Amino acid sequence: PKSTLLMLNDPPIANGMTGVMSTMPRALATGAAAASIRRGTTGRLAAACRGPGQSVAAVAASSPPTDGSRTGWDASALQAALWAVAAARAAALRGRARGTLSAGRRAAIGSSGATRRGSWGRHLTSSSGSNGFGCSRHLTAAAAVVGPSTATVLEAPKPVWSLRMHSLARESLLARFQEAAPGAAKAVLFFAGGSDLVRHETDHEDIFRQESTFQYLFGVREPGFLGAIDTETGAATLFAPRLPEEYALWLGEIRGREQIRETHGVDEVVYADEVADWFKKKAPERVHVVRGVNSDSGREAKPADFPGLREDFTVDEELLHGLVAECRCRKNDEELKLLRQVNRISSDAHIEMMRQTRPGLVEFQLESVFSYSCHFNGGCRLLSYTPIAASGPNAAVLHYGHAGAPNDRRIEDGDMILCDMGAELYCYASDITNSFPANGKFTPDQRLIFETVAAMQFAVLAAMRPGVNWVDMHDLSYRVMCERLLEAGLLVGDVESMMAANVGGVLMPHGLGHMLGIDTHDIGGYPRGAKRDTRDGYKSLRAQRKLEAGMVLTVEPGIYFTAFALRRARDDPELSKFFNWSRIEDFTNFGGVRLEDNVLVTEDGIENFTVAPRTVAEVEAVMRGEIADSLELQTWRQEAVGEVATAAAALAAEAE
């Protein structure tokens, strides 16, 4: 919702904080930093209020009042809101619930006889009726789990999923089909679900994960299905495998056709061995199947088929692939609910992993903490991709964690750590990267690189909106990098010449980000006709198009001191002249830093789904144990807002 002011993703609390925002001084209602807050974007308040190397007072002074608007701060409203956030935070800690606390779950907690109120509950019960936020029931319910010794353990959150998500997807595809082929002949859109996978020649079955487009349209969890959509009526049909009765011994109850139809909200279910007869009765003039090359993998999508399809019917393999890509890269409201939820689960798991990090651990122990947290607290059986838990020089390896380097280095004191990990929920992905010092305290050089990457990310987040070209955002990240490293003495020369020589491609040889959804590298990044750039860094861009509302992308700038890339730059006279090599040598075993958030493009800006530490102060607070999860991080940021508002009000008073 638009009320995600101050990065509070829980709507009851966010709605309350809207009241606090209305009392903010004019000093915070002007300027670029305030614009980020007014748009309701999440995950970037700390950067807006405290940019790298910038003090609270400096930010407040940079946005003086411009008219006679109020400059006071409603302290009682702020205090009441902080009570609400802190109570929800305590509930999350006590219950070990790392997902978003919904109103329903709070109500269930409040009615539980196994809980009791402590001092928090007494205070909130006495004051919540007058706070003006209309959310007293949420405050009381959240406070109910704070009492000592007998707290209730909250159940893992259920996915915020509905059949409507898939019906909306089918409607979107039909609309695009009718737009692309107006007056088309009677047709059927035909899709193949995924098949069982076994390990090499054995009978060991890997955990099945549905083919992505089939998941998008139908939401079927099991293998062996086919699906069809009638373009005239919009009716959806599933073709289910006919399983022998004795399979019930191994798989449990075998669902019948009516059960399958009700479960998936389709119009009809037919057994897959009857698919040919169904098509003969339907007698479509054309059958459209998905065939095309994935722009990220270079692999071809497998079209749906059955014996006799191409002999008996006219089959089109050209149209559907591009239409599906354009649909999937614009998320419907139900998809966005899932993406928010899996981001919260992953954000909390990242914070928990950071809290448990210390020198002497092995990288895979960080991976295990993340995986456990996502599964236990969020119900995420699968991760979106192979986790990267890279310490020291390994952090310069972009896809570290593969089979040949399985996160197995022992972490040393003084290492910088880069963890790129994301959970998958109901096949929807998150993709988050955090970077932090192993011992919890930044060295000057670590701080320099971290804050440079944070500035790169913040500049992009502040510029993103519909109509912006993604390649221009990549340019922007490189420009900020060059400006800051020039100021710090790692680069020499002028920024325009650096941009022309593509110095950024040496230190950030990957793309700025990619589409995100059912796949980590979701389709739709390269619309028909888009051509890939050949320059370092640019050639790795997984999206090359203008942004539109409804698109979800990762924003993941980084800086890496990779021996191969630096050696090649040093041997190139057109690049070598821009580097202060004596200073670069100080970073020989540094590794790298990457910060990655998952961001929705909205009608007037963005919504950042990721809640992760993005300033030095936030990272060190997490590592000290002062911030336990994303709710606590949001509370910590709210306190920073209070400091900024107080400083701004004081400056305004002095001006008067």
Side-chain angles (χ1 to χ4, degrees), residues 1-4 7-14 40-43 88-89 91-92 95-109 138 142 154-166 168-169 209-210 212 215-216 219 221 328 331-352 370-385 421-432 516-520 522 550-554 596-600 602 606-612 629-634:
K2 291 183 178 178
S3 57
T4 50
M7 288 63 57
L8 297 175
N9 288 348
D10 197 10
I13 300 175
T41 59
T42 64
R89 171 195 64 186
R96 302 290 294 173
R98 300 305 188 197
T100 300
L101 298 178
S102 68
R105 288 171 62 208
R106 293 177 197 270
I109 298 165
H138 303 299
L154 302 181
E155 65 180 14
K158 295 179 180 179
V160 283
W161 160 82
S162 71
L163 292 175
R164 184 169 176 268
M165 179 168 68
H166 305 296
L168 287 173
R209 197 273 195 189
Q210 187 58 267
S212 294
Q215 173 69 20
Y216 171 69
R221 292 187 297 182
R328 280 179 50 187
K331 283 21 180 207
N332 63 51
D333 289 343
E334 299 300 317
E335 292 180 283
L336 294 176
K337 291 178 183 178
L338 265 177
L339 287 167
R340 289 187 184 97
Q341 185 178 14
V342 73
N343 249 269
R344 178 54 63 90
I345 292 167
S346 295
S347 294
D348 287 336
H350 269 278
I351 290 173
E352 180 63 23
F370 180 86
S371 178
Y372 170 82
S373 177
C374 292
H375 200 173
F376 185 85
N377 296 314
C380 299
R381 193 179 191 187
L382 298 177
L383 300 181
S384 305
Y385 50 92
M421 306 177 189
E424 179 178 289
L425 185 66
Y426 196 65
C427 292
Y428 279 77
S430 59
D431 186 357
I432 299 172
L516 181 72
I518 298 180
D519 288 316
T520 307
D522 212 7
M551 292 180 174
V552 177
L553 301 95
T554 65
E596 180 177 14
D597 289 358
N598 304 167
V599 177
L600 165 68
T602 64
I606 64 164
E607 179 187 348
N608 192 334
F609 293 157
T610 305
V611 183
D629 59 18
S630 56
L631 286 175
E632 287 209 1
L633 178 54
Q634 290 170 326

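Keep in mind it's a predicted model, so treat the numbers as computed, not measured.
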When rounded to the nearest 0.5 angstrom, what is the spacing between CG in Leu553 and CG in Asp597? 12.5 Å
Met165 side chain near Tyr428 side chain, heavy-atom distance below 4.5 Å: yes
Run Ile345 and Asn377 through side-chain contact (heavy atoms from CB on, under 4.5 Å) and show every step you take. CA-CA 7 Å; Ile345 292 167; Asn377 296 314; 5.9 Å; no
Between His350 (side chain only) and Phe370 (backbone N and O only), is there a donor and an acceptor less than 3.5 Å apart? no
Residues forming a side-chain contact (heavy atoms from CB on, under 4.5 Å) with Ser212, sequence neighbours excluded: Arg209, Arg328, Ile518, Asp519
Any donor-acceptor pair under 3.5 Å from Tyr385 side chain to Met421 backbone: yes
If you measure from OG on Ser347 to CD1 on Ile432, what distance do you get to the nearest 0.5 Å? 4.0 Å
Identified side-chain hydrogen bond (donor to acceptor under 3.5 Å, both in side chains) partner of Ser346 from the options Ser630, Ser430, Ser373: Ser430
Can you check whether Leu336 reaches Leu600 side chain to side chain, under 4.5 Å on heavy atoms? yes
Which pair of non-hydrogen atoms, one from Thr602 and one from Ile606, has the smallest distance, and what is that distance? OG1-N, 3.3 Å
Separation of Gln210 CD from Tyr426 OH (nearest 0.5 Å): 10.0 Å
Any donor and acceptor pair, going by atom type alone, linking the side chain of Glu335 with main-chain N or O of Asn332 inside 3.5 Å? yes
Can a donor-acceptor pair be found, under 3.5 Å and without considering hydrogens, that links the side chain of Lys331 to the backbone of Leu516? yes
N/O donor-acceptor pair under 3.5 Å between Thr554 side chain and Asn598 backbone: no
Measure the shortest side-chain to side-chain distance between Thr520 and Ser384 over non-hydrogen atoms and say whether it is less than 4.5 angstrom. yes
Taken to the nearest 0.5 Å, the spacing of Leu338 CG from Asp333 CG works out to 12.0 Å
Please examine the side chains of Tyr372 and Glu352, heavy atoms only from C-beta on, and report whether any two atoms are closer than 4.5 Å. no
If only side-chain N and O atoms count, and only distance matters, is there a donor-acceptor pair under 3.5 Å linking Ser162 with Glu334? yes
For a 4.5 angstrom cut-off between non-hydrogen side-chain atoms, does Arg381 reach Glu424? no
Heavy-atom nearest pair, Ile351 first then Val611, reads CD1-O, 4.1 Å
Which value, rounded to the nearest 0.5 Å, describes the distance between Leu383 atom CG and Asp431 atom CG? 11.5 Å
Taking it one step at a time, do Leu631 and Arg344 satisfy side-chain contact (heavy atoms from CB on, under 4.5 Å)? CA-CA 9 Å; Leu631 286 175; Arg344 178 54 63 90; 3.7 Å; yes
Tell me the closest heavy-atom pair linking Cys380 and Leu425, and the distance in Å. SG-CD1, 3.9 Å
